[in-house]
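Here the structure is laid out as structure tokens; the discussion comes afterwards.
So you know, we letter chains A, B, ... as the sequences are listed, proteins then strands, and number each from 1. Both backbone and side-chain heavy atoms feed into the values below; hydrogens, waters and symmetry mates do not.
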Amino acid sequence: MLELAYLRADREDARARLSKRNIDADALLAKALELDEHRRSTQNALDSRLAELNELSRSIGELMKGGKKDEADAARARTTDLKARTQELKEELDAAEKALHDHLCTIPNAPHAQVPPGRTPEDNVTVMQEGAIPELPADAKPHWELGEEYDLLHMDLGVKVTGAGFPVYSGQGARLQRALIAFFLDQATAAGYREIIPPHLVNAASAFATGQLPDKEGQMYHATVDDLYLIPTAEVPITNLYRDEIVDRAKLPVRLVGYTPCFRREAGSYGAHVRGLNRVHQFDKVEIVRIEEPEKSYAALEEMVAHVKGLLRALELPYRQLLLCGGDMGFASAMTYDMEVYAAAQKRWLEVSSISNFETFQSNRLKLRMRGDDKKPRLAHTLNGSALALARIVAALLENNQTPEGIRIPKALQPYTGFDMIRKWTAA
RNA sequence: GGAGAGGUGGCAGAGCGGUCGAAUGCGGCGGUCUUGAAAACCGCUUUGCCCGCAAGGGCAACGGGGGUUCGAAUCCCUCCCUCUCCGCCA
């Protein structure tokens with residue numbers, strides 16, 4: 001949620017930035033300011049009535065104490081109309097605040113000045129690309145075939161146990177999964193991130209604060225009996241650790257990392273391009289989260305990108321960095337880089353990380369503030385990024401590293417897997 | 001799941017119908033003193049919104065919501081949460 005103070009103080013800047021999302025920024029802003037105007041005038045009226053009422057009550061108290069019962073009764077009689085009026089105004093204010101809040105919830109974050117214009121993924125800017133694209137023989141197999149062949153991955157078993165899009169990993173496939181998680185966590189920890197194991201279900205307040213509600217309601221699994229949501233990313237519980245907090249500036253930046261499974265309904269996504277691990281309902285991800293001073297958040301964003309690049313390099317995967325255009329960015333983000341790896345058998349790029357600066361969009365909902373020298377609390381900036389999302393990394397690793405002898409494991413991962421090659425499994 | 005107790009400021013902990021945004025202690029910040037530090041002493045120390053250039057002023061908040069009352073942290077209802085005991089259990 002954008003800050004009202006910002007919209008009021010710098011409407012032109014807000015309009016210019018929001019326009020990159022190809023929305024009618026003018027209309028949205030005009031309505032917001034109009035609703036705000038109404039809210040303020042209502043509150044002014046209410047506050048004056050309440051002040052009168054408070055004054056009357058005080059005087060009644062004194063009159064009672066002084067034994068002047070008649071005068072007290074007279075004053076008491078005068079409160080009746082005032083009370084009725086405050087009641088009306090109170091209801092009006094509640095309605096005005098709700099209308100304003102609801103409207104603000106429909107406005108996406110304002111893209112940063114550097115975000116390129118555009119409507120579709122075609123308009124994203126490739127910032128850089130690195131790593132050789134493997135030349136595979138014509139009979140190279142996509143990861144879902146390799147998964148079955150080497151007994152690593154079974155989509156059909158997931159269907160039996162749960163439903164489509166719930167992968168089952170087995171043998172060296174399961175071990176590879178665990179190795180990647182441990183590797184990513186160790187790398188992040190070495191880079192100064194503090195490890196967190198958060199809950200995998202969150203309440204509605206948490207889902208709202210990071211922007212999943214109400215914007216992406218249908219994306220989350222909802223456990224209705226307890227009104228809890230399965231997390232679509234560790235970002236939700238980890239960022240919410242700091243909800244309603246005022247962090248001392250000396251404690252910034254906050255750097256956190258957490259591994260969790262992620263659950264996404266991905267309703268309506270079917271077809272050949274989502275086969276295998278390309279898009280699933282449950283996947284593992286290591287997420288990094290940062291809380292920063294506003295002045296430092298974009299430097300932090302670049303640091304996070306550099307960290308992720310280091311991981312991809314260590315995994316010897318060809319990758320590219322995309323700066324998302326205004327039309328392709330997430331609702332809550334002010335600037336997003338996507339990292340994609342090349343899956344050589346499918347001959348396509350797969351998104352394995354999305355690294356975003358939310359500026360104050362989340363912290364405004366979170367009420368996550370920092371206290372600087374001026375001792376007046378101000379909203380902090382929040383950022384997060386995948387480092388990394390496993391399912392697609394596994395897909396690329398399997399495809400790119402297939403050889404006639406087996407599937408090669410990158411050197412950096414070998415201490416974690418305990419093997420350097422995935423081979424056909426046979427019962428001993 | 002059953003029974004009981006309780007939710008107040010950064011923490012501990014008073015208040016139980018009127019000037020209480022809230023005693024007191026601890027912590028924190030500033031100052032006096034000191035060569036320096038400690039101790040002692042003095043002062044300050046929640047947040048949001050509104051009006052105002054500012055100085056300053058107003059409103060709201062004592063787990064959430066609702067009610068009684070001229071007036072509620074204090075009384076009533078309801079929901080949530082925490083703790084203790086019992087049950088169940090990885």
Side-chain angles (χ1 to χ4, degrees), chain A residues 1-10 32-105 197 199-209 213 223-229 237 240-252 254 261 360 362-380:
Chain A
M1 197 155 61
L2 286 168
E3 291 173 86
L4 196 54
Y6 161 64
L7 300 184
R8 263 198 281 182
D10 209 344
L33 294 174
E34 181 194 318
L35 288 169
D36 179 46
E37 187 57 47
H38 179 235
R39 171 193 132 250
R40 278 149 66 200
S41 63
T42 307
Q43 180 170 349
N44 270 327
L46 174 62
D47 283 357
S48 329
R49 294 298 88 71
L50 285 173
E52 290 177 43
L53 209 46
N54 286 342
E55 184 48 43
L56 261 181
S57 293
R58 251 188 297 273
S59 70
I60 290 173
E62 275 162 32
L63 289 170
M64 294 296 278
K65 214 171 287 179
K68 300 171 182 167
K69 188 160 181 318
D70 291 350
E71 287 180 50
D73 284 343
R76 196 172 297 170
R78 274 189 283 143
T79 64
T80 313
D81 284 352
L82 260 181
K83 278 185 70 176
R85 184 66 186 131
T86 58
Q87 191 54 40
E88 285 169 27
L89 285 166
K90 181 75 172 70
E91 282 163 23
E92 197 177 329
L93 181 62
D94 287 346
E97 282 177 342
K98 183 174 188 313
L100 176 61
H101 181 263
D102 288 352
H103 178 65
L104 288 176
C105 281
I197 299 182
H200 297 175
L201 281 84
V202 294
N203 55 33
S206 294
F208 170 78
L213 291 179
T224 52
V225 173
D226 298 292
D227 195 22
L228 296 172
Y229 295 86
N240 271 281
L241 259 21
Y242 281 81
R243 174 150 48 88
D244 295 319
E245 295 288 329
I246 300 177
V247 184
D248 201 75
R249 186 161 82 168
K251 299 240 170 77
L252 295 178
V254 172
T360 58
Q362 289 184 329
S363 57
N364 192 25
R365 293 187 177 195
L366 287 156
K367 305 248 179 306
L368 195 192
R369 290 162 294 173
M370 54 163 286
R371 200 189 300 278
D373 297 332
D374 50 353
K375 92 168 225 161
K376 176 79 181 160
R378 62 195 285 226
L379 294 175

Give each protein N/O atom lying under 3.5 Å from an N/O atom of nucleotides 50-55 of chain B, with the pair distance.
from	atom 1	to	atom 2	distance (Å)
B/rC50	OP1	A/Arg8	NH2	2.9
B/rC50	OP1	A/Arg39	NH2	3.0
B/rC50	O2'	A/Asn44	OD1	2.2
B/rC50	O2'	A/Asn44	ND2	3.4
B/rC51	OP1	A/Arg40	NE	3.3
B/rC51	OP1	A/Arg40	NH2	3.3

Dump the pairs, protein N or O against N or O of nucleotides 68-76 of chain B, anything under 3.5 Å, distances to one decimal.
from	atom 1	to	atom 2	distance (Å)
B/rC70	O2'	A/Ser57	OG	3.0
B/rG71	OP1	A/Lys83	NZ	3.2
B/rG71	OP2	A/Lys83	NZ	3.3
B/rG71	O4'	A/Ser57	OG	3.3

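Of the side-chain N and O atoms in A/Arg369, one or more sit less than 4.0 angstrom from OP1 or OP2 of B/rG48. Under 4.0 angstrom from either OP1 or OP2 of B/rG18 there lies no side-chain N or O belonging to A/Asn54. Considering only side-chain N and O atoms, A/Arg371 lies nowhere under 4.0 angstrom from the phosphate OP1 or OP2 of B/rU45.
If you take atom C1' in B/rG17 and the same atom in B/rG13, they sit 22 Å apart, rounded to whole Å.
Here the rule is side chain to side chain donor-acceptor pair (under 3.5 Å) with A/Thr360, and of A/Arg365, A/Arg378, A/Glu3, A/Arg369 only A/Glu3 fits it.
One finds the CG atom of A/Leu89 at 10.5 Å from the CG atom of A/Leu82 (value rounded to the nearest 0.5 Å). For the atom pair CE (A/Met370) and NZ (A/Lys376), the distance works out to 13.5 Å, reported to the nearest 0.5 Å. One finds the CE atom of A/Met64 at 13.0 Å from the CD atom of A/Glu62 (value rounded to the nearest 0.5 Å).
Looking at which nucleotide of RNA chain B each of A/Glu97 and A/Gln87 is closest to, the 5′-most match is held by A/Glu97.
The main-chain N or O of A/Met1 is found under 3.5 Å from a side-chain atom of A/Asn364 such that the two form a donor-acceptor pair.
In this structure A/Glu71 satisfies the salt bridge (charged side-chain N to carboxylate O under 4.0 Å, His left out) test with no other residue, sequence neighbours excluded.
Atom pair A/Lys376:NZ and B/rU45:C1' shows a separation of 15 Å (rounding to whole Å applied). Across the protein-nucleic acid pair, A/Glu3 atom CD and B/rC49 atom P stand 10 Å apart, rounded to whole Å.
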